[in-house]
Each structure stands twice: as C-alpha cells, then as structure tokens.
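Right, one structure below, let's go through it.
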Amino acid sequence: MTRTSTCVYHLFVLSWYIFLNFYISREGEDPRKSQIFLNGGQWKYLTFLNLVLQAIFFGVACLEDVLKRTKGKKDIKFVTAFRDLLFTTLAFPISTFVFLSFWILFLYDRELVYPKALDNIFPVWLNHGMHTFILPFSLVEVILRPHCYPLRKKGLTLLAAACLAYVSRVLWIYSETGTWVYPVFAKLSPGGLAAFFSLSYIFTIGIYLFGEKLNHWKWAKRHLA
C-alpha cells in the first residue's frame, strides 16, 4: 500500500471501532440490555475491552500517519515505538485470542459464552463486529507494514501483566457479586478454573509467538534486501 492508502485504511478502521464503542455504550442505556452489564458493567467483558484497545491502537497508527506526512519523516521515533509495542504485545494477541476463544466455545456450546437469548438483544452484525472482523483487521496490519517486536522477555511480561489484570478483575467481580462474567466459568471447579486460565495464557503466548513469526516471515527478506 502507498502511504496515502495506509492512512485512509487506518482512518477507516479507527472510525469503525469508534462507531462500535459508541453504539455499544448507547445500547447499555436500554433497560433491557443494561441487565447484561450488571455487576461490572460492559468492561467486565474482554470483548469490549478489546474494542477499546483496538480503537486506541488505530488511533496511534493514524497519529503516526499524520505526523509522517506533515513532518516528512520515515519514522516518528516515540510514536512508532509505542505503536509497535502496543500492537505486538496487546492489540494482535488479544484480538486473535478473542476471535479464536469466542468462536471455539461458540461452536462447541454457545450457551457457555454467548447464549442464544442474546440474538434477540444484539443484532448479528454487531456480534461479528465484536468477534469476527477483529482478526482480519489485525492480520491486514501485520501484512501492511513491519512492526518491531520488543525483546521476547519484555513482550511476554507485558502480555502476562495484562492477562493477570483481567483475570484478577474477573475473580474480584465474582467475589463481590457471586456471579461469573462468562457462563463457562460457572461450569468449572476451582481446579478447572486454574487450568482454564493457565491454558488461556499459554494460548496467548502461542499467539504472540505466531505474530512474531508472521512479522518475520513477511518482512525479514525485505530488510535483508
């Protein structure tokens, strides 16, 4: 893609995520739909946190595009470094995890993650906006331009901190309200929950390493040329 095309693409995706976040926030004002967000609000769901994360990332990407065009530089060091760190350690792993974990559980038994009753509350396009389109947008970003990965220890530490923060919030909500964020958690014993969270983190590590390999495969030859 040319620099202009890249800028237009980032602006389009940013606008899409802003629209999704605004739409969902307005839906929460509906008395019927607000029941879903009890005991923790919409921010108890990783899906909604990911939408905010993606909006932040593509906002930074747009900012970098604008600065490059106005200053005529190939890279804006601080902004480019922050963009790369945000994408490699959080935006790509979490969007891919949300896509894969949601659809695996949905196809196995949707009642564990997205009960059929929600079809009468949220339109189908919104479900796909939250859980499907997030992966293609991340993959296009990988293909669109190279991203500098941090030292693996640093990257995995930041990812671990984000995962630990979310799991801690899930457990805190349960301790305060007696209800689980997702129905699947209610089906598991304490040992099962520990195994589930541990395997989920291992899964995200695999996604992180896959993103690193994908970035290397796409861009290594270009750097060597």
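All of these numbers come straight from a predicted model, not from anything done at the bench. Residues: numbered from 1 along the sequence shown.
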Distance-minimising heavy-atom pair for [X] and [Y]:
X: C62; Y: L14; result: SG-CD2, 3.9 Å
X: A55; Y: N21; result: CB-ND2, 3.9 Å
X: P93; Y: Y208; result: CG-CD1, 4.2 Å
X: G155; Y: P150; result: CA-CG, 3.8 Å
X: I205; Y: L159; result: N-CD2, 4.4 Å
X: P146; Y: R83; result: O-NH2, 3.4 Å

pair [X]-[Y]: side-chain heavy atoms closer than 4.5 Å:
X: K68; Y: C7; result: no
X: M130; Y: I24; result: yes
X: F196; Y: V167; result: no

Determine whether V98 and L158 fall in the same hydrophobic cluster, where Ile, Leu, Val, Met, Phe, Trp and Tyr are linked whenever their side-chain heavy atoms lie under 4.5 Å apart.
-> no

Hey, is D119 close enough to R110 for a salt bridge, meaning N to O under 4.0 Å?
-> yes

Any salt bridge between E64 and R145, counting N to O under 4.0 Å?
-> yes

Flag for H147-E141: side-chain donor and acceptor within less than 3.5 Å | yes

With ring-ring contact (aromatic ring centres under 6.0 Å, His included) as the test, would you mind laying out the steps for Y17 and F12 before giving the verdict?
-> CA-CA 9 Å; Y17 279 122; F12 165 75; 9.7 Å; no

F57 and F92: aromatic ring centres closer than 6.0 Å?
-> no

Under 6.0 Å between the ring centres of Y182 and Y45?
-> yes

Side chain of [X], backbone of [Y]: donor and acceptor closer than 3.5 Å?
X: W219; Y: V142; result: yes
X: T70; Y: L67; result: yes
X: Y166; Y: K44; result: yes
X: T204; Y: Y201; result: yes
X: S25; Y: F22; result: yes

Classify the ring geometry between [X] and [Y] as parallel (under 30°), tilted (30 to 60°) or perpendicular (over 60°).
X: F19; Y: Y23; value: tilted
X: H128; Y: W103; value: parallel
X: Y9; Y: F58; value: perpendicular

Pairwise distance CG(L85) to SG(C148) - rounded to 0.5 angstrom | 9.5 Å

Is the number of heavy atoms from other residues, nucleotides or ligands within 6.0 Å of CG (L151) greater than 12?
-> no

